[in-house]
Amino acid sequence: MHLPGGAVSADLRHKALVTEQRRPYTVPLLERAISTGIDNEGAKLDPVMPRWRMSKSDLHDVALYVYNRLK
Ligand code: HEM
């Protein structure tokens, strides 16, 4: 999806995040991306991607959900 300002939202299917990645996302790497905006390669995500604040347990649940999405 194209967002105002020119950013394009990410493909969050398992295939795009894991199978097709040179350095695949893991659940801890997804937790880092969602909470700090650092991607699987260590690069900063576009600032329109919110840096989500939530409990460790909620963050883990969200990361696990994203990891297993459309597996
Ligand atoms: C449940 C809420 C969300 C989750 C779990 C989530 C998760 C993620 C993850 C894991 C990535 C990294 C994907 C990659 O490295 O290719 C990402 C990227 C991104 N997200 Fe989100 N996101 C959420 C909501 C949003 C919202 C509300 C926006 C903006 C309206 C947004 C905008 C973006 C953009 C633009 C990127 C790509 C950044 C880049 O390529 O530099 N996300 N998101």
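Just follow the structure's listing: the first ligand is 1, and inside any ligand the first atom is 1. For the numbers below, each heavy atom of this structure counts, side chains included, while hydrogens, waters and symmetry mates do not.
Sorted by first and then second residue, the pairs that involve residues 36-69 and meet ring-ring contact (aromatic ring centres under 6.0 Å, His included), not counting sequence neighbours, are His14-Tyr67.
When all heavy atoms of Met54 and Val62 are compared, the closest pair comes out as SD-CG2, 4.0 Å. The minimum heavy-atom distance between Arg53 and Ser35, with the atom names listed, is NH1-O, 4.0 Å. Across Val48 and Asp46, no two heavy atoms sit closer than the pair N-OD1, 2.9 Å. The heavy-atom pair separating Gln21 from Pro24 by the smallest distance is CB-CA, 3.6 Å.
Counting only heavy atoms from C-beta outward, the side chains of Lys71 and Val18 never approach each other to under 4.5 Å.
Protein heavy atoms all stay at least 4.0 Å away from atom 1 (C) of ligand 1.
Residue Lys56 qualifies as open at atom NZ: its count of foreign heavy atoms under 6.0 Å is 12 or below. The local environment of CZ in Arg13 is sparse, with at most 12 non-hydrogen atoms from other residues, nucleotides or ligands closer than 6.0 Å.
With hydrogens and angles disregarded, no donor-acceptor distance shorter than 3.5 Å links the side chain of Arg32 to the backbone of Gly37.
The contact set between ligand 1 and Asp46, taken as ligand atoms under 4.0 Å from a residue heavy atom, comprises 38 (C), 39 (C), 41 (O). Interface of Leu30 with ligand 1, defined as ligand atoms under 4.0 Å from a residue heavy atom, comprises 10 (C). Interface atoms of ligand 1 facing Tyr25, defined by a heavy-atom separation under 4.0 Å, are 12 (C), 13 (C), 14 (C), 15 (O).
In terms of N/O distances under 3.5 Å, ligand 1 is not approached by Asp39. Among the atoms of Lys44, none of the N or O lies under 3.5 angstrom from an N or O of ligand 1.
Evaluated by nearest non-hydrogen atom to atom 27 (C) of ligand 1, the leading choice among Trp52, Tyr67, Tyr65 is Trp52.
With hydrogens left out, the protein atom closest to atom 37 (C) of ligand 1 is Val8 O, 3.7 Å, a heavy atom. Among protein heavy atoms, atom 29 (C) of ligand 1 sits closest to Val48 O, 3.6 Å.
Cluster membership check: Ile38 does not share its hydrophobic cluster with Val66, using side-chain heavy-atom separations under 4.5 Å among Ile, Leu, Val, Met, Phe, Trp and Tyr.
Proximity of Leu3 to ligand 1, defined as any heavy-atom pair under 4.0 Å, is confined to the side chain (atoms from C-beta onward).
Of all protein atoms, those of element N, O or S that lie under 2.8 Å from atom 21 (Fe) of ligand 1 number 1.
Residue Lys44 holds its NZ atom at 8.0 Å from CZ of Arg51, rounded to the nearest 0.5 Å.
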